Amino acid sequence: MSDDGVLVIEGCAVAAVDAAGTEHRSGHVVVRGNLIEALGAGAAPEIVGATRIDGRGCLLTPGLVNTHHHLYQWVTRGLAADATLFEWLTTLYPVWAGIDEDALRVAATGALASLARTGCTTSTDHHYVFPREGGDLLGAEIDAAARVGLRFHPTRGSMDLGHSAGGLPPDSVVENLDDILRASADAVSRWHDRSFDSMLRIGLAPCSPFSVSADLLRESAFLARELGVRMHTHVAETLDEHQYCLDTHGCTPAEYLEKLGWVGPDVWWAHAIHLDDSAIDTMARTLTGVAHCPTSNGRLGAGIARVTDLLAAGVRVGLGVDGAASNESSSLIEEPRNALLFARLRGGPRALSVRTALELATIGGARVLGRENEIGSLEPGKLADLALWRLDGPAHAGIEDPVAALILGSAPPLAALVVNGRIVVRDGEIRTIDEDEVGRQVARAQASLVAKAR
Ligand SMILES: [Zn+2]
């Protein structure tokens, strides 16, 4: 399709995930260029020259938004498979210390392809490992996202608290404060695109309370606000971290982050599991967002986030797969399902509905990234980021409610994934890259990284 071409999808069930909860048993969408022009029930109008997709047997939803990831971990999966977070980190840091721009380009391509195949149209990344000889790491993953064709919100992450200074990471993978701030400002001026249909926005993201100094958190917040970009970090992921903050700072992780300016509408926290009521009040009052990552939290046995309480308090909640080293599948469509299951295990059968789970994966994520006016729901005038799920195969045929089939059934194949008006996936195949070749490159990069660490 050309830049201003027209794409029509029709005959499909539609879940718009708009404020009115609009759904159609059989409906259509018209995309012109990169915008949704029309959405409605029944067949689409005749439009000469339009590309038409027959959506019968499918459900059309907004593309999913992934609010937390570490793409580089796609080449370090399956290590420390039965470990706690701190054990897992200390096993993996020496492997991650070998990351360079070639390995990251391959890892990001593989991880983003997996996201695309599971309905993701917008992904963040939190990259915080910058070995001295690593090259242009952020540039490599930005190239990968452009190649795969996803909307991308990478963050310039950082660590400055090495082992010798009382932190968890080895000294070889931490940077000094001045270098981090300079590189962060450079990344924003080089890549951050503020336009309505931006495919690329940068955020700043010191890694976590146990791998960065208070100075780095404070200075990064100041710089992010001066530059007008968003802020992201890991908070309250495990009880070990909770205890570390009590021992080291005399307060909870949430209190520590608030003291350093890390709350506000421009901030989102990854995980936010071990929160007391006052932390939830703080997040609601300051409009701080959350990337909820249920699969990773389960993989590491970190705990179950208080999602129902967060939503009841009015906190913005999106979903994330988290890094592939703690979620080997990185399948975004499984996150709303796991969010629902975890919430119900914690709070009973009414703790999270199937439609709220779909909201978290779409408009919820868009709100967390400050892009709710552009993406996250199907509405005329919004950007054309769409997922068309095939629900007439043997795994889903006959499930009464298509939204329940999507959220509660097994992960369905995609009939199509459209990002910014462009078809990225068609009939389950990614059109933009050769996935088999990427798979071979991933295996080689993984073997070489593990060998380097031994
Ligand atoms: Zn993470």
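Both ligands and their constituent atoms are indexed starting at 1 by order of listing. All figures in this text were calculated on a predicted structure; none of them were measured in a lab.
For the Zn ion (ligand 1), the count of nearby protein N, O or S atoms, meaning those under 2.8 Å away, is 4.
Remark: S208 pairs with S211 by the side-chain hydrogen bond (donor to acceptor under 3.5 Å, both in side chains) rule, at least two apart or across chains. Residues satisfying the side-chain contact (heavy atoms from CB on, under 4.5 Å) criterion with A221, sequence neighbours excluded, are R225, M231, W262. Among residues two or more places apart in sequence or in another chain, the side-chain hydrogen bond (donor to acceptor under 3.5 Å, both in side chains) test is passed with S213 by D160.
Of the residues listed (R201, R194, K382), the one engaging E374 in a salt bridge (Lys or Arg N to Asp or Glu O under 4.0 Å) is R201, and it is the only one.
Within a 6.0 Å radius of NE2 in H192, other residues, nucleotides and ligands contribute more than 12 heavy atoms.
For H70 and H234, the ring centers are positioned less than 6.0 Å apart.
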